[in-house]
Amino acid sequence: MYKKEILKDTSSNGKVRPWKQKKLANLTYSQYLEVLNFKKAHNVSKCGEVLQFAKTDNGLKLYQTWFCHSRLCPLCSWRRSMKNSYELRQILDTAYKKDPSAIFLFLTLTEESSKLGELRKNLTSMNRSIYRLFQYKDVKKDLLGYVRSTEITVNRDSLTFHQHVHILLMVKSSYFSKGHYLTQENWSQLWKRARKLDYKPIVNIKKIRASKKDNSLIASAKEVSKYQVKDYDYITDDEKGDLVVVDELEHALAGTRQLSFAGLLKEIHHELLLDEKEDDLINVDDEKEKDDVVDTVIYRWNSKVSNYVRWE
Ligand SMILES: [Zn+2]
């Protein structure tokens with residue numbers, strides 16, 4: 001029977017984890033999928049319905065549940081962004097230890113926004129252009145590895161989609177020697193050529209300090225691993241508009257990857273056995289990992305209460 005004990009899951013810094021908000025958004029998203037006749041709609045509505053937590057001395061730790069793994073699912077996206085950020089920090093930490101003299105750069109590549117119906121085509125050709133960019137001698141010569149992600153922001157007024165790419169580059173220290181260094185203008189020209197554009201694209205490149213005292217590397221890791229599309233871009237009060245946006249994004253993102261690794265960072269990703277954990281959205285951080293499990297506790301989504309309620 002239900003006891004009205006509401007789920008309270010807080011992280012070690014005291015922040016309440018947004019289970020309720022994400023589950024509510026997940027249900028709206030699944031309703032949209034149903035209206036749009038996506039077969040997975042029903043499965044998506046079951047995402048994270050029953051949560052089993054391990055009880056530790058330091059609070060709850062997610063132990064078991066079922067996630068739908070749909071790319072735009074607000075629950076799954078939230079878990080994935082935590083997971084990506086945690087894994088990326090591990091990768092960068094290892095990379096930095098392997099080559100302390102290496103330098104990290106943060107590159108953002110943009111282009112004109114996509115009109116409705118064009119997003120999938122543009123994302124595919126953008127990927128090919130990035131591949132071309134990294135074949136260029138000037139780019140390749142000091143490159144040790146990179147991780148990249150594609151982010152999409154939605155302009156609801158013009159109904160356009162702004163696709164852009166964040167790349168965290170790891171380069172040899174020789175990058176800053178004479179004749180090697182690439183200015184923002186150089187990067188812009190290279191991207192223009194690789195992307196075959198007839199206009200000058202906006203590009204941003206900045207050096208990141210990798211020292212322990214400075215957390216700009218962590219901040220950049222977060223920037224790369226954050227949500228691909230924010231759920232407030234497709235779950236709003238404007239249902240009609242949301243449906244158009246969800247339909248476009250679903251078709252554009254089907255079968256694509258959120259994060260891609262290359263070079264040394266790809267090797268480390270493999271070394272740390274992260275390929276095997278790719279679908280694991282349960283263990284997304286190292287919090288409470290070492291705590292003794294006292295007991296387990298189950299919470300179930302209750303639509304009447306609009307929250308997770310303890311199940312016994
Ligand atoms: Zn999900």
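Counting heavy atoms of neighbouring residues, nucleotides and ligands inside a 6.0 Å radius, atom NE2 of His270 does not exceed 12 of them. Within a 6.0 Å radius of NZ in Lys266, no more than 12 heavy atoms belonging to other residues, nucleotides or ligands are found. For Glu278, the CD atom counts as densely surrounded, since its 6.0 Å shell holds more than 12 non-hydrogen atoms of other residues, nucleotides or ligands. Under a cut-off of 6.0 angstrom, the local environment of CD in Glu34 is sparse, with at most 12 non-hydrogen atoms contributed by other residues, nucleotides or ligands. A 6.0 Å sphere centred on CD1 of Ile202 holds no more than 12 heavy atoms belonging to other residues, nucleotides or ligands. Around NZ of Lys8, the count of heavy atoms belonging to other residues, nucleotides or ligands within 6.0 Å does not exceed 12.
For Ser306 against Lys20, the heavy-atom pair with the smallest separation is O-NZ, 3.1 Å. Here the closest heavy-atom approach between residue Ile282 and residue Tyr63 is recorded as CG2-O, 3.8 Å. Considering all non-hydrogen atoms of both residues, Tyr308 and Glu49 come closest at CE2-O, 3.7 Å. Contact detail for Arg156 and Tyr234: the closest heavy-atom pair is NH1-CA, 3.9 Å.
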Run the numbers on Asp285 and Lys83 for salt bridge (charged side-chain N to carboxylate O under 4.0 Å, His left out), then give the verdict. CA-CA 6 Å; Asp285 54 32; Lys83 175 197 174 78; over 6 Å; no
With ring-ring contact (aromatic ring centres under 6.0 Å, His included) as the criterion, how do Phe134 and Tyr146 come out once you've worked through the C-alpha distance, each side chain's angles and the decisive distance to 0.1 Å? CA-CA 10 Å; Phe134 283 104; Tyr146 66 82; 4.1 Å; yes
Is there a side-chain hydrogen bond (donor to acceptor under 3.5 Å, both in side chains) between Asn155 and Thr160? Walk through the geometry before answering. CA-CA 5 Å; Asn155 185 323; Thr160 54; 4.5 Å; no
Asp279 vs His69, side-chain hydrogen bond (donor to acceptor under 3.5 Å, both in side chains): CA-CA, chis, key distance, verdict: CA-CA 8 Å; Asp279 289 336; His69 290 273; 4.5 Å; no
When you look at Asp93 and Arg89, which way does the salt bridge (charged side-chain N to carboxylate O under 4.0 Å, His left out) test go after all the steps? CA-CA 6 Å; Asp93 228 35; Arg89 271 179 283 151; over 6 Å; no
Does the side-chain hydrogen bond (donor to acceptor under 3.5 Å, both in side chains) test come out yes or no for Ser45 and Asn43, once each step is laid out? CA-CA 5 Å; Ser45 75; Asn43 277 347; over 6 Å; no
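Looking at heavy atoms from C-beta onward, Ser11 lies in side-chain contact with Arg17 at the 4.5 angstrom threshold. Using a 4.5 Å heavy-atom threshold, the side chains of Tyr29 and Ile235 count as touching. Contact annotation: the side chain of Lys40 never approaches that of Cys68 to less than 4.5 Å [non-hydrogen atoms, C-beta and beyond]. Between Glu151 and Lys226 there is a side-chain heavy-atom pair separated by less than 4.5 Å. Contact annotation: the side chain of Pro201 never approaches that of Glu111 to less than 4.5 Å [non-hydrogen atoms, C-beta and beyond]. When side chains are defined from C-beta on, Trp301 counts as touching Leu24, because their heavy atoms get closer than 4.5 Å. His164 places none of its side-chain heavy atoms less than 4.5 Å from the side chain of Leu109. With a 4.5 Å cut-off on side-chain heavy atoms, Phe53 and Leu7 count as touching.
Rounding to the nearest 0.5 angstrom, the gap separating the NZ atom in Lys61 from the CG atom in Asp9 is 10.5 Å. Tyr199 contributes atom OH, which lies 10.5 Å from atom OG of Ser188 (distance to the nearest 0.5 angstrom).
Exactly one residue among Leu72, Val245, Asp247, Asp242 makes a side chain to side chain contact (heavy atoms under 4.5 Å, CB included) with Tyr32. That residue is Asp242.
Looking at Thr124, its side chain does come within 3.5 Å of a backbone N or O of Arg120 through a donor-acceptor pair. Listed for the Thr65 side chain is a donor-acceptor partner under 3.5 Å among the backbone atoms of Val50. Panel note: side chain Arg310, backbone Glu5; no donor-acceptor pair is recorded below 3.5 Å. A distance-only check finds a donor-acceptor pair linking the side chain of Ser77 to the backbone of Arg71 [under 3.5 Å]. Using modelled atom types, one side-chain atom of Arg79 and one backbone atom of Leu281 make a donor-acceptor pair closer than 3.5 Å. A donor-acceptor pair is defined here as one N or O able to donate and one able to accept, closer than 3.5 Å; such a pair exists between the side chain of Asn26 and the backbone of Val44.
Seen from the ring of Phe176, Lys207 counts as a face-on cation partner, given the 6.0 Å and 45° thresholds. Judged by the 6.0 Å and 45° rule, Arg193 forms a cation-pi pair with Tyr136.
Under 3.5 Å, the side chains of Ser174 and Asp142 contain a donor-acceptor pair of N or O atoms.
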